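Read the structure below first, then the notes.
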Amino acid sequence: MYSVRPEFIILCHSRRGLPTLHLLLPAWFRLCAGVIITLMLVACGEEPWNSPYPAADSSRAIMYGSFSERPKHLDPVSSYSENEAVFNGQIYEPVVQYHFLKRPYQLVPLTAVALPEPRYFDADGAALPDDAPREAVAEAVYRITIQRGVRYQPHPAFARDDDGHYVYHDLDETTLGDRKRLADFELSGTRELVAADYVYQIKRLVHPRLHSPLAGLMSKYIKGLGAFGQRLREVERDTGRPVDLREYDFPGARVVDRYTYEIVITEKYPQFRYWLAMSFFAPVPWEADVFYGRPGMKERNISLDWYPVGTGPYMLTDNNPNRRMVLERNPNFRGEAYPSEGEPGDAEAGLLARAGERMPFIDVAYYSLEKEPIPEWTKFLQGYYDVSNVLADSFDQAIRFNAQGEAQLTDTMREKGIQLITAVTTSISYMGFNMLDPVVGGDGDRARLLRRAISIAVDYEELISIFANGRGVPAQGPIPPGIFGHVDGANGINPYVYRWVDGHPVRRDIAEARELMRQAGFPQGRDADTGKQLTLYFETVSGGPGSKSLLNWYRKQFDKLGIQLVIRATDYNRFQEKVRKGTAQIFGWGWNADYPDPENFLFLLYGPNGKVEHHGENAVNYDDQRFDELFVRMRAMADGPERQALIDEMVEIVRRDAPWLWGFHPTAYTLYHSWFGNAKPNLMGRNTLKYKTIDAELRARKRREWNQPVVWPVIALVMVLLVSAIPAWRTYRARQKESVG
Amino acid sequence: MIAYVIRRIAYAVPILLGVNVITFVLFFVVNSPDDMARLHLGSKHVTADAINKWKSERGYDKPLLWNTMREGSDRATDTIFYRNTVRLFLFDFGQSDSGRDIGYDISQRMWPSLAITLPVFLIGLLLTISLALTIAFFRGTYIDTWAVIVCVAMMSISGLFYIIGGQYVVGKLLRLVPISGFESGWVAIKFVILPVLVGVVGGLGHGTRWYRTIFLEEINRDYVRTARAKGLGEKAVLYGHVLRNALIPILTGVVVVLPSLFLGSLITEAFFGIPGLGSYTIEAIQSQDFAIVRAMVFLGSVLYIIGLILTDISYTLVDPRVRLS
């Protein structure tokens, strides 16, 4: 790997007629010289010293990323977090996926032959048209046909002997032996994906020994799922052993033939198609449950929660979330063509250059644990990570804003060829008023005016600028940009908080807020009847000293209206408990979209989802009869002008009532190196790794260029230490002589 | 001595029980089983049924310390505390609340921790003692004065500064070693160099000054004067007499930390991406995984007690006058 210069060899050998070096120089000097010369020689080598990866990998199409928190669940029935989807999204294949390039987000088939379309039936079983009213629909049936020839990744669960018997399905504590990891199983096998695997996974949603966050929600929609779960629990209680789901059926999910299955929904619920794109509805082979369910497996940490089994383009070959997680190309993956269509501008951006080519393009994805942002950022700049978020500590180093307020890369980033992509996330960060609270809540004018006054006073533009480095868009309502129902421009502003001036929304003057306070009976922040200053309470999770400035900022915003804001910082458990019990008055909250439909945001304000009474996701316990009526109608409608009209009315209602300070939609900033291709953000799709490309040669060249070791300061330091030791050495010699004398 | 050690081990049992009780009470004062379930199950769409099921599977549906619904000894044994505590004394750590084998995880994570803490400990000890002896040799000279100033300055700097500074200078500016990461086998050396260097340099000021104080105290004793009067050279006095007699205070501080080297360092491991035990407990507290918390607190207590016993035993090895009885 390292070359040795000829002159070094000559130096180390005796020349004819001259004494050898070791006779001329003291041992310590020769040692130091040797170390220094070796350092200089190695510095001239090919591979950077600071590379954290093996030299042999530098020319391979490997993507290097990082993660900061270990995934808790990789079993698709339990997995629901973003950091888990990074892995599961590449391994498991639901029947549908989001188109990688097209916006607004749209579903396309993944393993399905075609997009599943529901057929509606009334209570008598008669077929109904697609636009049948919600009330008339008793059942919605999704018949899904999957592609033939899709195969699972190699896995020991499928391994069979010559007689066709499963090799590892009868293991016990003894026969398991010393096996501690999946890699310790010598044999593996595969099989074709069948419709029964999808039905099996739907049954797993209510398996008595599994915990699916979707079990409760889906029991409301999938016919007979709740009762099926109850039945399984009873069977398991009676038999005392785990149930084999293959032995039990229920009417909500049934196999039609080898490649076709049906899901029966008990109402018109068009959003169900989005759930089909999530890993909850990905296939799980029954062999996996039998294999992982053998005695001793769980005790050895061998479980589906740790070692997923899928049909996707990648498989997890190293799961050590304390160090790294490695996805490698699934050798049994059928291949999938890169999309040949996108939205305007995609072709010009080079995003269609690989159109029609067989994916995936990257062989391995290597994710390292990075708990601290400084080393993560440094390694990105050194070229050891291909992609990075813009971290708060290094924001100024990476981003600057031009005169128009647009984010641009700094010169340092440009020189490195780093590129920036930004995307407003389909999420919202808001401040909620507990509508059950006697002061800020309720349907009365006094509280409504108070909430509206506060909505004007809390300047989210300033918050985004100071505390989020400009990474956010002030929200005008509950629906983020990019989701059907969101309205841009003058028609889309919240008129209770903003005015439209010169093509931009401008926050209403604080004087208007003060006038609202006066109308509410709190002139200058004091109760008109008692004269007492209004005191409100803001519940938050204690964020340590770092959050102090933000909390002071909140106090300042309320102080504009003469309101004293008391911050109640507490731990996460107590915070959640207060919101759950309805004892929190004002609190910060947020929501990330499960799917790109307005229903997924408006349901956060739907009365029957109230947190206190119904344990739902309506954290502020907002309850408005008209809003609820419109919500029920809107939920069952297809996107179109009629649905938009209902959404507009609903948004107007909640803007008027202001149960939330609408807060902001965070903007994601992502940096990527010049060798990383097809970097278009897709905030809904979780299976985007297969679309990415890596120019490994360019990366290796850049890494070498950026990471040449600098040795001279070390040599200089050693020299300084040696020189500075000379007086000490003289003193030592003098003392020794003195002592002997 | 054997009787002494057995007695000390016997004393350890009530101490460990007490530590367990305190850990248990502190943990459950802050986290209820419902909170634990919610954190494990996630914040979206969680139902009361799911929470009850989670608690039931892990035994968290039982009373904490006393079960009034039971009779006889079951009142004490059919509780969360009893079920989680007894097997710890058999060193059976069981499974974490997320289903992982804690013993296996500890056995996997302690080696990377040791790969950092052991070299830092050994090199640091050797270097600080050598430096302290050298400074003691030059006592009263400008070298001594400047050495103390540098030591105090180094002591005053936060450990975090050494880490970030070390990463910046060695990893970023000089680009000599990876700034973070870890691999097993011999490749680990290039990942270990920087954290070890930072660990050694970070502990140099404190250690050197502490040992210098010990050596100076010894240097002024009568036996040293006698040794010099016999005509021994300064080197012989320092290494042959002062160092040997200073071993007891050195051992007091050194041997006790030996067992806890297994537990690693939280901050060092976090910054350098070392997959050790340092962050195991903190991660468990954050994820409200009581099974891991109690196991790690128990293990920490056991290792500390072992450290104290080893310290006592080491006294007898370096000072023949010490008898354990």
Side-chain angles (χ1 to χ4, degrees), chain A residues 48-52 54 70 72-73 78 80-81 180 208-209 211-217 298-301 303 305-306 320 322-324 368-372 374-376 378-379 381-382 384 571-573 576-577 594 615 617 706-711 713-714 727-728 731-732 735-736 739-740, chain B residues 30-32 35 38-50 53-54 57 95 98-101 104-105 108-109 112 134 137-138 141 143 164 167-168 171-183 187 190-191 228 231-235 270-273 275-276 279 283 287-288:
Chain A
W49 294 4
N50 62 356
S51 171
R70 92 170 179 86
K72 275 198 284 193
H73 300 291
S78 315
Y80 202 5
S81 299
K180 288 280 185 186
R209 300 203 176 193
H211 295 275
S212 177
L214 233 59
L217 184 73
K298 193 177 175 193
E299 291 72 18
R300 286 168 166 79
N301 302 324
S303 67
D305 225 16
W306 203 256
N320 182 354
N322 200 30
R323 186 195 304 179
R324 64 159 176 248
S368 305
L369 179 66
E370 290 287 359
K371 288 187 177 168
E372 294 297 328
I374 295 173
E376 182 186 353
T378 305
K379 281 161 89 171
L381 293 181
Q382 291 175 335
Y384 295 124
D571 63 86
Y572 185 66
N573 291 336
Q576 291 255 41
E577 189 181 1
D594 289 309
H615 312 293
E617 300 295 347
W706 295 342
N707 295 291
Q708 284 300 308
V710 183
V711 182
V714 180
T731 310
Y732 169 75
R735 280 211 177 178
Q736 282 292 84
S739 173
V740 172
Chain B
V30 179
N31 312 299
S32 71
D35 296 332
R38 280 198 178 85
L39 203 75
H40 279 87
L41 295 172
S43 54
K44 280 183 170 180
H45 307 302
V46 178
T47 60
D49 274 355
K53 194 169 122 185
W54 187 92
E57 282 174 6
Q95 291 195 312
S98 59
R100 299 276 301 165
D101 180 353
Y104 177 77
D105 281 351
Q108 292 295 300
R109 296 175 73 141
T134 309
F137 178 83
F138 292 112
T141 67
I143 295 172
I164 295 172
Q167 286 186 323
Y168 183 76
K172 189 174 181 183
L173 292 184
L174 305 184
R175 304 185 281 268
L176 298 176
V177 290
I179 199 163
S180 70
F182 193 78
E183 283 292 335
V187 190
K190 80 170 175 180
F191 294 97
R228 288 206 187 99
L232 288 180
E234 197 64 17
K235 197 161 72 176
F271 270 85
F272 290 104
S279 53
E283 283 169 11
S287 62
Q288 297 180 15

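From a predicted model like this one, the values you see are computed outputs, not experimental measurements.
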[X], part contacting chain B, at a heavy-atom distance under 4.5 Å:
| X | value |
| --- | --- |
| W706(A) | backbone |
| P54(A) | neither |
| A728(A) | both |
| R70(A) | side chain |
| P713(A) | side chain |

For [Y], does its backbone N or O pair with a side-chain atom of [X] as donor and acceptor, under 3.5 Å?
| X | Y | result |
| --- | --- | --- |
| K379(A) | S180(B) | yes |
| Q108(B) | N320(A) | no |
| N301(A) | D101(B) | yes |

> Is the number of heavy atoms from other residues, nucleotides or ligands under 6.0 Å of K190(B) NZ greater than 12?
Replying inline: yes

> Checking T134(B) against chain A: side chain, backbone, both or neither under 4.5 Å from a heavy atom?
Replying inline: neither

>> If I measure from the heavy atoms of chain A, does F271(B) come under 4.5 Å with its side chain, its backbone, both, or neither?
In response: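 Interface part for F271(B): both.
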
Look up atom [atom1] in [X] and atom [atom2] in [Y], then write down how far apart they are to the nearest 0.5 Å.
| X | Y | atom1 | atom2 | value |
| --- | --- | --- | --- | --- |
| L39(B) | N573(A) | CG | CG | 7.0 Å |
| W54(B) | H211(A) | CH2 | NE2 | 8.5 Å |
| R324(A) | F182(B) | CZ | CZ | 10.5 Å |

>> Working note: Q167(B) + T378(A), criterion side-chain contact (heavy atoms from CB on, under 4.5 Å); need CA distance, chi angles, decisive distance, verdict.
In response: CA-CA 9 Å; Q167(B) 286 186 323; T378(A) 305; over 6 Å; no

>> Is there a side-chain contact between F191(B) and P52(A) in this structure, where contact means two heavy atoms from C-beta onward sitting under 4.5 Å apart?
In response: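 A side-chain contact under 4.5 Å exists here.
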
>> In the structure I gave you, are the side-chain heavy atoms of R175(B) and P48(A) within less than 4.5 Å of one another anywhere?
In response: no

> Run the side-chain hydrogen bond (donor to acceptor under 3.5 Å, both in side chains) check on K72(A) and S98(B) step by step: do they pass?
Replying inline: CA-CA 8 Å; K72(A) 275 198 284 193; S98(B) 59; over 6 Å; no

> Under the side-chain contact (heavy atoms from CB on, under 4.5 Å) criterion, do D571(A) and N31(B) qualify, and how do the steps go?
Replying inline: CA-CA 10 Å; D571(A) 63 86; N31(B) 312 299; 5.7 Å; no

